[in-house]
2 protein chains.
Amino acid sequence: MLLTFRVGGKQVPQRKSGHVTLLDIARACGYSVSTVSIVLSEAPLSQNVAASTREQIRAMASQLGYHPDAYARSLRRRRSQTIGVLAFDLSDPFCLPIMRGIQSEMQRGGYLPMLMDAQTHRKLFDSYLKMVLERRAEAVIVIASWIFEEANLLADMEKNNVPIVIVGRDLTSRGIPSIAVDNEEGGALAMRHLLELGHRDIAVVRGPVEMFDSEPRWNGARHVAAQMGITIDSQLIFQLPDLVGPDSGFEGGASLAKAMLATGRKFSAVLAFDDLTALGVVRGLSESGLRVPQDCTVVGFDDVLPASVATPGISTIRQPLAEMGSIAAQWVLKAIESGQSAPANPPEVHWAQPQLVIRGSSAPLHGTE
Amino acid sequence: MLLTFRVGGKQVPQRKSGHVTLLDIARACGYSVSTVSIVLSEAPLSQNVAASTREQIRAMASQLGYHPDAYARSLRRRRSQTIGVLAFDLSDPFCLPIMRGIQSEMQRGGYLPMLMDAQTHRKLFDSYLKMVLERRAEAVIVIASWIFEEANLLADMEKNNVPIVIVGRDLTSRGIPSIAVDNEEGGALAMRHLLELGHRDIAVVRGPVEMFDSEPRWNGARHVAAQMGITIDSQLIFQLPDLVGPDSGFEGGASLAKAMLATGRKFSAVLAFDDLTALGVVRGLSESGLRVPQDCTVVGFDDVLPASVATPGISTIRQPLAEMGSIAAQWVLKAIESGQSAPANPPEVHWAQPQLVIRGSSAPLHGTE
DNA sequence: AGTGTTGATTAAAACGTTTGAACATCTTGG
DNA sequence: CCAAGATGTTCAAACGTTTTAATCAACACT
C-alpha cells in the first residue's frame with residue numbers, strides 16, 4: 001500500500017491517497033500506528049510514552065506535513081465537532097454579524113461552524129440541509145429563513161437527534177427554539193422617535209406579506225401612534241411587493257417613494273420596513289427633488305452596513321445581531337452537551353431588545369428648513 | 001450494538017451514535033448491509049437487485065430518516081467532495097459575489113464549498129487553513145487575504161497534494177495560481193472618466209501601504225493623467241492609514257476628506273481607493289458643507305452593495321467578482337480532476353477586466369452648478 | 001448428470017483513526 | 001528467584017461506508 005521508489009537517490013514515499021497518514025509516520029520512524037496516534041492526539045496514554053519517542057514522532061509528523069484525517073477521526077470518535085449554519089441569503093448584510101456572533105462562541109467550544117448560503121433558493125436550502133445531516137453536524141443553526149416547507153427534513157433531523165435553533169424568526173410554533181428581535185418594540189421605538197421629532201404626517205412602507213417581521217413591526221408602530229392620538233393616513237401606508245431579487249427592498253423603496261408623492265398627500269417622515277428599503281426611499285425622494293432630512297425624515301430597521309455608511313446615515317432600529325448569534329450558539333452547544341436532541345416543550349424563545357440609532361436621516365419637523 | 005426495547009408495544013431501535021446507519025436498515029428489512037448500500041448509493045450493481053427489494057429498502061430508509069454518513073463514505077471513497085473557501089474578511093462586501101460565483105460552479109460539480117471567515121485575524125486564518133487540511137478538502141480557494149505568513153502551512157498543502165488558488169490578489173510570485181482584477185486598468189478607467197468630465201484638479205486617496213491593490217491602481221491613474229499632460233498636485237495625494245477596524249476605509253475617507261479641504265487647495269473630484277473610502281469621502285465633504293456631485297465628484301472602486309444603494313450612487317470601477325469566483329472554482333476543479341497537485345510553473349494568472357459604472361456621484365465640471 | 005449462464009444476494013476487506021486490553025521488558029522488594 | 005509494579009509499546013477491534021469477489025439458487029442446454 002505504501003510504495004517507495006527512488007528519486008534522485010532518495011527514498012520518497014508515494015501514497016495513493018495523497019495524504020500523509022499515521023501509517024506513513026509509523027513506518028518512517030519505526031513505531032506502531034498506535035504509538036504514533038497516542039502521541040499525536042495527545043491521548044492520556046502519551047504520558048507513558050518515552051520522551052525521546054515523542055520527540056521523534058512529532059518531528060517526523062511535522063516534517064512529512066501530517067494532519068490528522070478529520071473523517072477517520074470523527075468516524076471513530078463519533079463526534080464531528082461541527083455545527084451547520086444555514087443562511088437563507090448570505091448577501092443580506094443582516095447575516096454577517098449574526099454569523100460573527102456564532103463564530104466567536106464556537107471557537108471556544110472547539111467547534112467548526114460550516115456556513116452555507118442558500119441564496120434564497122428553496123431547493124438549495126433543502127440540499128444544504130441534507131448535506132448538513134450527511135456531514136453529521138452535531139447541531140444546526142438556521143439564519144432567518146422564511147421557508148420551511150421540507151417538514152420531512154426537519155423530521156429527519158429529529159430522527160437523527162440533531163438539535164436545531166433558528167435566529168431571526170420565531171418558529172416556536174413549529175417546535176423550534178428561536179431567537180428573534182422584538183419587532184413590536186422596534187416598531188414602537190421607530191414611531192416614538194418620529195413623533196418626538198414632531199412629525200405627524202407619516203408614510204409607512206410595510207414589508208412584503210410573506211415576511212414574518214412585517215406585521216409586528218407595524219403593530220408596534222401603530223399602537224404608539226394610537227396612544228398619542230395620531231392616526232396614520234391609510235393612503236400613506238404602502239407595502240413592498242413579494243420579493244423577487246435580492247435588492248427588491250431598495251428598488252421597492254425607491255418606487256414606493258414616488259408613489260407616495262403621487263398621492264398628493266402631505267407627509268414629513270417615512271417609516272421604512274428595513275434599511276435597504278429606507279435607502280430606496282431616500283433615492284426615490286431624491287430623484288423627485290426632495291432632500292433628506294430637510295424635506296423628509298426617513299428611518300429604517302436592522303442597522304446594516306449600507307445604512308451607516310450612506311450620507312446622510314440612515315436612522316434605524318438596531319438589532320443586537322452578534323449577540324443573537326452568540327445566544328444561538330450557546331443554545332446549541334448546551335443542547336449538544338446535554339445530549340438532549342429534542343427541544344424543551346414548549347421550545348425556548350429569546351426576544352432580543354432593539355435599540356434606536358439616530359443618524360442624519362432624521363430631523364425635527366421644520367427644524368432644518 | 002443495536003439495542004432494541006419496547007415502547008408502547010413497538011420495537012424502537014436505539015443507537016448509541018444517534019444516527020441511523022445502513023445496519024439499522026439492513027436489520028429492519030432483513031437484507032445485508034451490502035445490499036442496502038448498493039441500493040441506496042445507486043451503485044451500478046443496483047441494477048441487479050430485485051425491484052421489489054429496492055423498493056422495500058428505499059421505503060425503510062426514508063421511514064427511518066436515513067442519511068449516509070459523509071465521513072464514513074469519504075473515508076472509504078477517498079474523496080471528500082469538499083473544497084475549502086477561506087475568506088480573509090467575509091464582512092467585506094467584496095467577498096460575497098466571489099463566493100456566489102464559486103458556489104454556482106461547485107454545485108454542478110457536486111462539490112460542497114466549506115466557507116470560512118478569518119475575520120481579519122491571522123491566527124484564525126491559520127487555524128482554519130489547518131482545519132481545511134484536516135477535513136480533507138480536495139482544494140482550497142483563498143479570497144483576498146493579504147497575509148500569507150504561515151509558509152509551512154502552504155508547504156503542508158503541497159505535501160498533501162491540495163491544490164490552491166487565490167482570488168483577489170496576484171500571488172504567482174509565491175507559486176500560487178491567482179485571479180485578480182487588472183487594477184492598473186481600473187485605475188486608468190477611473191482617471192479617464194474624471195478627465196473626460198473635465199476635471200483637472202483631482203484629489204487622490206490611496207489605499208493603505210499593506211494593501212497590494214493600492215499601488216497598481218494609482219499607477220494606472222497616474223499614467224493616464226500624465227498622458228493627458230495633467231499633473232496631480234502632490235499635496236492632494238492622501239493615503240489611508242494601515243487598517244485597524246473593518247470600516248477603517250469609511251472612517252479614513254471621511255477624515256481625509258476634511259484633510260483635503262484643510263490644505264486649502266482647489267479640487268473638483270476625488271479618486272478614492274475603494275467604495276467604502278468613497279462613501280467616507282462623501283460623508284466628510286458633506287459634513288463640511290459640500291455637496292456631491294455638485295461641488296465635487298467622487299469615484300470609488302469595487303462596486304459593492306453600499307455603493308449602489310447610497311444616494312447619490314457612487315460611480316465606481318466594477319470588478320467582475322462572480323466571474324472571478326467562477327474561474328477560481330473551475331481552476332480548482334480542473335486541478336482536482338487532473339490530479340495535478342502542483343500548479344503549472346509558472347503558475348497561471350487571470351487578469352479580470354474592470355468596468356466603469358457611472359452613477360450619481362460624478363458630474364461634469366461646472367455641469368450642474 | 002454435468003456444464004454453463006444468469007440473477008440476486010452477501011462476506012469480507014479496506015479507508016485512517018482511536019482505545020481498552022494485552023504484551024514485553026525492566027525494577028524492586030521480599 | 002519469584003511476585004508485583006512500573007514503564008514503554010503494540011494488538012486488535014471498532015466507527016459506517018463501498019466494492020470486489022464470492023456464494024447460492026434456479027434454470028437451460030448438451
Side-chain angles (χ1 to χ4, degrees), chain A residues 1-2 13 15-57 61 64 66-81 133-136 138 160, chain B residues 1-2 13 15-57 61 64 66-81 133-136 138 160:
Chain A
M1 194 234 68
L2 179 104
R15 283 156 267 98
K16 302 200 265 189
S17 80
H19 274 280
V20 184
T21 76
L22 285 180
L23 184 58
D24 294 331
I25 300 178
R27 299 220 172 156
C29 52
Y31 288 99
S32 75
V33 170
S34 315
T35 307
V36 177
S37 167
I38 286 165
V39 170
L40 293 181
S41 66
E42 286 170 350
L45 270 182
S46 67
Q47 292 169 324
N48 302 348
V49 174
S52 62
T53 310
R54 284 204 295 255
E55 249 350 277
Q56 198 188 342
I57 290 178
L64 295 184
Y66 171 79
H67 290 266
D69 184 321
Y71 287 79
R73 168 177 282 177
S74 297
L75 184 58
R76 167 69 220 217
R77 286 193 173 157
R78 261 101 135 248
R79 308 218 50 184
S80 64
Q81 297 284 71
L133 269 175
E134 292 180 350
R135 302 207 174 220
R136 296 298 186 254
E138 298 181 33
N160 288 284
Chain B
M1 192 231 71
L2 180 104
R15 282 154 268 98
K16 302 199 264 189
S17 79
H19 274 280
V20 184
T21 76
L22 285 181
L23 184 59
D24 295 331
I25 301 177
R27 299 222 172 152
C29 54
Y31 289 99
S32 73
V33 170
S34 316
T35 308
V36 176
S37 167
I38 287 165
V39 169
L40 293 180
S41 66
E42 285 169 352
L45 270 182
S46 68
Q47 291 170 325
N48 303 348
V49 174
S52 62
T53 309
R54 285 204 294 256
E55 249 350 278
Q56 198 187 342
I57 289 177
L64 295 184
Y66 172 79
H67 291 266
D69 183 321
Y71 287 80
R73 168 178 284 178
S74 297
L75 185 59
R76 167 68 220 216
R77 287 196 175 154
R78 265 106 131 242
R79 308 216 52 183
S80 64
Q81 297 286 72
L133 226 30
E134 291 180 351
R135 305 214 170 211
R136 295 300 187 252
E138 299 183 31
N160 289 283

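The shown structure was predicted, so the numbers you read here are calculated from the model rather than taken from an experiment.
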Atom CD1 of Ile25(A) and atom C1' of dT10(D) are separated, to the nearest Å, by 17 Å
Ser80(B) to Arg136(B) - nearest heavy-atom pair and separation: OG-O, 2.6 Å
In Å, rounded to the nearest 0.5 Å, how long is the span from OH of Tyr31(B) to OG1 of Thr53(B)? 3.5 Å
To the nearest angstrom, how far is Arg136(B) atom CZ from dT17(D) atom P? 20 Å
dG16(C), OP1 or OP2 - any side-chain N/O from Thr21(A) closer than 4.0 Å? no
What is the separation between atom CG on Asp24(A) and atom P on dC15(C), rounded to the nearest whole Å? 11 Å
Name the nucleic acid region contacted by Asn48(A), choosing base, sugar-phosphate or nothing; use a 4.0 angstrom heavy-atom cut-off, strictly under. base
Of all the heavy-atom pairs spanning Ser37(B) and Leu22(B), show the shortest one and how long it is. CB-CD1, 3.6 Å
d(CD, Gln81(B); C1', dT17(D)) in whole Å: 14 Å
In whole Å, I'd like the distance from the CZ atom of Arg54(B) to the C1' atom of dT9(C). 14 Å
Taking all non-hydrogen atoms of both residues into account, name the closest pair between Glu138(A) and Gln81(A) and its distance. OE2-N, 2.7 Å
Here the gap from Ile25(A) atom CD1 to Thr35(A) atom OG1, rounded to the nearest 0.5 Å, amounts to 12.0 Å
I want to verify a distance call: between dT9(D), dC15(C), dA8(C), whose nearest atom is closest to the Arg78(B) side chain? dC15(C)
Minimum heavy-atom separation for Val49(A) and Arg54(A), please, with both atom names. O-NH1, 3.0 Å
Which heavy atom of Asp69(A) sits nearest to which heavy atom of Tyr71(A), and what is that distance? OD1-N, 2.6 Å
Nearest-Å distance for atom pair CZ/C1', residues Arg79(A) and dA14(D): 18 Å
For DNA chain D, list all stems, counting runs of three or more consecutive pairs where every pair is Watson-Crick or G-U wobble with both distances under 3.5 Å. C:1-30 with D:1-30
Pairwise distance CG(Leu75(A)) to CG(Leu75(B)) - rounded to 0.5 angstrom: 6.0 Å
For a quick check of understanding: with a heavy-atom distance under 4.0 Å over all strands, which category does Tyr71(A) fall into, base, sugar-phosphate or nothing? nothing
One character per nucleotide, please: for nucleotides 18-27 of chain D, 5' to 3', B when the base has a protein heavy atom closer than 4.0 Å, S when only the sugar-phosphate does, - otherwise. BBB-------
Applying a 4.0 Å non-hydrogen cut-off, can you work out what Thr53(B) is touching in the nucleic acid: base, sugar-phosphate, or nothing? sugar-phosphate
Atom CG of Leu75(B) and atom P of dA13(C): how far apart are they, to the nearest Å? 17 Å
Over how many whole Å does the gap from Asp69(A) atom CG to dT18(C) atom P extend? 10 Å
Can you see which heavy atom on Val20(B) is nearest to which on Leu64(B), and at what distance? CG2-O, 3.3 Å
